[in-house]
Amino acid sequence: MKQEMMTIVSQQQLAPRIYEMVLTGKLVEQMHNPGQFIHIRVPRADLLLRRPISINQIDREKATCTIIYRIEGDGTKFFAELEAGDQLDVMGPLGNGFDLSGLKQGDTAFIVGGGIGVPPLYELSKQLTKKGVQVIHFLGFASKEFVYYAEEFQALGDTRFSTDDGSFGLQGNVGNLLLATQEKTTAVFACGNNGLLKTVEQLYGEVGNVQLSLESRMACGMGACYACVCHVADEPSKSVKVCDDGPVFQAGEVVF
Ligand SMILES: Cc1cc2nc3c(=O)[nH]c(=O)nc-3n(C[C@H](O)[C@H](O)[C@H](O)COP(=O)(O)OP(=O)(O)OC[C@H]3O[C@@H](n4cnc5c(N)ncnc54)[C@H](O)[C@@H]3O)c2cc1C
Ligand code: FES
């Protein structure tokens with residue numbers, strides 16, 4: 001079991017209810033694959049279940065990893081009250097992340113995210129650009145005040161934004177952004193709500209490599225409790241666990 005008390009290096013608010021936390025510890029040595037997540041215990045006796053949060057950035061030289069999370073309920077509210085020097089009980093890295101092996105220098109990748117699905121796409125984009133892949137980001141947020149990491153993504157490649165109210169980028173959702181796109185791509189990587197993932201699945205049926213990161217309610221986070229199962233598309237009697245077999249699946253592989 002990969003588990004450790006990691007130390008908070010820094011914590012800052014990026015947007016309303018959205019925080020970036022940098023953690024340090026030996027677990028960082030195991031972190032390689034974008035799209036994996038860590039499972040964090042809330043240091044409060046009445047909150048028993050760990051909270052799954054995607055790895056946003058890995059810096060092995062500094063032995064740090066970054067997460068970005070949105071306050072949803074008691075657990076994430078508690079995380080937001082912690083300060084540099086505090087410790088968190090972390091399990092991970094867990095799950096199977098994005099598979100970059102099918103891409104080579106000169107290929108193009110569409111990177112598609114919405115809201116709190118955006119964080120893991122940053123480490124993904126960093127690793128793809130390092131390989132010489134040309135990335136195009138399509139990022140959707142509720143409105144301008146909720147946009148974060150705009151400059152960070154722009155520094156890696158072409159970045160297009162949509163907001164529900166049109167206050168930043170195109171008005172509408174990420175699907176509208178994708179429909180307005182002329183370019184062709186080798187692969188598509190997406191993380192966001194089920195509506196966004198379904199749109200990507202429908203639009204890019206002809207692209208051979210479309211990887212979707214699913215969000216599911218989790219308990220154990222490591223394949224033991226069956227809280228996160230979904231059915232295999234071609235064999236409805238078969239199921240997979242999002243925490244252990246995913247959270248990243250090829251489009252068409254599972255029903256969500
Ligand atoms: C693989 C994966 C990666 C994720 N990455 C991120 C991320 O990078 N940033 C981010 O802000 N959020 C992320 N989430 C969602 C995040 O786990 C939930 O928002 C968080 O657990 C809510 O906890 P809470 O105590 O604040 O809310 P509560 O609603 O009080 O949580 C109650 C219980 O439900 C579970 N739960 C609630 N919402 C979710 C959810 N959407 N997914 C899974 N379990 C949930 C909690 O873990 C907890 O056990 C991710 C979820 C998954 C499955
Ligand atoms: S959360 Fe327990 S099996 Fe996935």
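Everything numeric in this text was worked out from a predicted model, so none of it was measured. Start at 1 and go down the list; that is how both ligands and their atoms are numbered. Positions are given from 1 along the sequence.
- Atoms of ligand 2 lying under 4.0 Å from any heavy atom of A219, numbered from 1 in the order shown and given with element: 1 (S).
- Across every non-hydrogen atom of F141 and V118, the tightest pair is CZ-CG2, 4.0 Å.
- With rounding to the nearest 0.5 Å, the separation of OH in Y69 from OG in S54 is 14.0 Å.
- Of all protein heavy atoms, the one closest to atom 40 (C) of ligand 1 is E215 OE2, 3.6 Å.
- The protein heavy-atom contact nearest to atom 43 (C) of ligand 1 is S216 O, 3.0 Å.
- Taking a distance limit of 4.0 Å, we find that atom 18 (C) of ligand 1 is approached by no protein heavy atom.
- Ranked by closest heavy atom to atom 24 (P) of ligand 1, the top entry among G75, P120, A227, C243 is G75.
- Scanning the protein for heavy atoms near atom 3 (C) of ligand 1, the closest one is S54 OG, 3.3 Å.
- Looking at atom 3 (S) of ligand 2, its nearest protein heavy atom turns out to be Y226 N, 3.1 Å.
- With contacts defined as side-chain heavy-atom distances shorter than 4.5 Å, the pair K131/L100 qualifies.
- In this model, no donor atom of one side chain and acceptor atom of the other lie less than 3.5 Å apart for Q57 and E123.
- The minimum heavy-atom distance linking T163 with K144 is given by the pair CG2-N, 4.0 Å.
- The protein non-hydrogen atom at the shortest distance from atom 22 (C) of ligand 1 is E72 CB, 4.1 Å.
- Ranking the protein heavy atoms by distance from atom 9 (N) of ligand 1 puts I68 O, 2.9 Å first.
- Between Y69 and ligand 1, no pair of N/O atoms sits closer than 3.5 Å.
- The ligand atoms of ligand 1 that sit less than 4.0 angstrom from a heavy atom of T76 are 24 (P), 25 (O), 26 (O).
- Among the backbone and side-chain atoms of C228, an N, O or S atom lies under 2.8 Å from atom 4 (Fe) of ligand 2.
- Side-chain atoms of Q36 come within 3.5 Å of backbone atoms of G95 as a donor-acceptor pair (strictly under, hydrogens ignored).
- Closest heavy-atom approach to atom 11 (O) of ligand 1 within the set R50, H39, R70: this belongs to R70.
- Looking at N173, its side chain does come within 3.5 Å of a backbone N or O of N176 through a donor-acceptor pair.
- Residues K77 and D74 are not paired through a salt bridge, judged by the lack of any N-O separation under 4.0 Å between the basic side chain and the carboxylate.
- With hydrogens and angles ignored, the 3.5 Å screen pairs no side-chain donor or acceptor of E235 with any backbone N or O of S237.
- Nearest heavy atom pair, residue E253 against residue Q250, reads OE1-N, 2.8 Å.
- For the atom pair CZ of R41 and CE of M91, the computed distance is 10.5 Å after rounding to the nearest 0.5 Å.
- Between the side chain of T181 and the main chain of L177, a donor-acceptor pair closer than 3.5 Å is present.
- The distance from ligand 2 to the heavy atoms of G223 drops below 4.0 Å at these ligand atoms: 3 (S).
- If you check which protein heavy atom lies closest to atom 14 (N) of ligand 1, you get P52 O, 3.4 Å.
- Protein heavy atom at the shortest distance from atom 10 (C) of ligand 1 is I116 CG1, 3.2 Å.
- The closest heavy-atom contact to atom 49 (O) of ligand 1, among the options L47, I71, L49, comes from L49.
- Close N/O approach between G73 and ligand 1 is found [any backbone or side-chain N/O within under 3.5 Å].
- With 2.8 Å as the limit, C243 counts as an N, O or S neighbour of atom 4 (Fe) of ligand 2.
- Close approach of ligand 2 to A224 (heavy-atom distance below 4.0 Å) involves ligand atoms 3 (S).
- Proximity to G221 (heavy-atom distance under 4.0 Å) selects the following atoms of ligand 2: 1 (S), 2 (Fe).
- Between R51 and V42 the shortest heavy-atom distance is CD-CG2, 3.8 Å.
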Exercise. Checking salt bridge (charged side-chain N to carboxylate O under 4.0 Å, His left out) for the pair R70/E72: CA distance, chi angles, key distance, verdict?
Worked result: CA-CA 6 Å; R70 182 169 66 200; E72 291 296 332; 2.5 Å; yes
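- Proximity of C220 to ligand 2, defined as any heavy-atom pair under 4.0 Å, is shared by backbone and side chain alike.
- One option in R217, R44, R51 has a heavy atom closer to atom 44 (N) of ligand 1 than any other, and that option is R217.
- Residue contact check for ligand 1: K77 places no non-hydrogen atom closer than 4.0 Å to it.
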